[in-house]
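Remarks on the structure that follows.
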Amino acid sequence: MNAYFITVLGNVVIIVIISTNRHLHTPMYFFLINLSFLDIFFTSTIAPKLLSLLANGNGMISFVGCMIQCYSFFFLGATEILLLTAMSFDRFMAICYPLQYMTVLSPRHCLFLALGSWTCAFVDTISPTVLVLRLNFCGFNRINHFFCDVEQLLKLACTDTRYLNLLNFMVSAVIVFGSLVLIMLSYLNIIIALLKIPASGRRGKSFATCSSHLLVVFIFYVGTVFMSLRSIKTSYVDLNKLAVILNTIVTPLFNPFIYTLRNDQVKCALRSWWNCGDKYNGNRVGNQHKK
């Protein structure tokens, strides 16, 4: 419960700080606002039902609710992967082509990249979901998971699902591995550009702007790799369940801290925002005493 509350609160604070501070109205922080909104939605697909299960032991869910949860999880997960890819392109342009940065990543182009991430994820995940909806389910209706995972749902189908499993794998591969290749290419070019900078201090300062994004990408893709190993079971841990917790609870929880504690501009904006609140409260108290 505390983790979910902190996740939502932390991401809301990030959204408010960036929205109200005009110095942070740049492409990088525009994508960060989108990531914070996405993290709130993403963790909300799993956490409330999981908390209900832990608190009341109620694991029941309607078929419609199950399909909505299943689709939301994969749709929002795909969107986050694509958005992280767009953020890597932002860092690539900022370091490799700083003079063209604001021209290439204009507000219109940033909006196009953000909407493109949501649209591509929707198109990529809607077809498998429609095919799952058309399946016939019969008999045993329990799944070995704390949310409606598509792999577990397919095990309940009365028909052959081999081709649907293959389609799900291909859809996931296009998003996950395609985005990973683009992110790696972006950072390969960034590293090459940084190595050409003579001063080591400037080099470290330039790369520091990428460290937060790299850390988030690493955490998120660790969970994604675990999900690709979902067929491997051990007596100690189910990697699939661990991956879901890592991607939907741990990553959204740490994202606000990663981007604030490792970013001087956000920390400065946070201190200014906090001091403004203190000044407002102090002035209000002072006025009350004058009365």
Say whether, by atom type as modelled, one donor and one acceptor occur between the side chain of Asn189 and the main chain of Leu185 under 3.5 angstrom.
-> yes
Tell me whether Val16 is reachable from Val8 by hopping between hydrophobic residues (I, L, V, M, F, W, Y) whose side-chain heavy atoms are closer than 4.5 Å.
-> yes
Review item, side-chain donor-acceptor pairs of residues 109-119, under 3.5 Å, at least two apart:
residue	atom	partner	partner atom	Å
His109	ND1	Val104	O	2.6
His109	ND1	Ser106	OG	3.3
Ser117	OG	Leu113	O	2.9
Thr119	OG1	Leu115	O	2.8

Just by modelled atom types, is the Thr248 backbone N or O under 3.5 Å from a matching donor or acceptor in the Thr43 side chain?
-> yes
N/O donor-acceptor pair under 3.5 Å between Thr45 side chain and Phe42 backbone | yes
Would you check if the side chain of His25 reaches a backbone N or O of Thr20 as a donor-acceptor pair within less than 3.5 Å?
-> no
Residues Ile95 and Ile190: closest non-hydrogen pair is CD1-CG2, 3.8 Å
Considering non-hydrogen atoms only, spot the tightest contact between Phe220 and Gly77 and give its length.
-> CZ-O, 3.9 Å
Using side-chain contact (heavy atoms from CB on, under 4.5 Å) as the criterion, list what pairs up with Val176, not counting sequence neighbours.
-> Ile81, Tyr221, Thr224
Are there more than 12 heavy atoms of other residues, nucleotides or ligands under 6.0 Å from atom CZ of Phe254?
-> no
Closest non-hydrogen atoms of Met28 and Tyr101, given as atom of the first, atom of the second and distance, are N-OH, 3.7 Å
Test: Cys70-Cys148 SG spacing under 2.5 Å = no
How close do Leu164 and Pro128 get, heavy atom to heavy atom, and via which atoms?
-> CD1-O, 4.3 Å
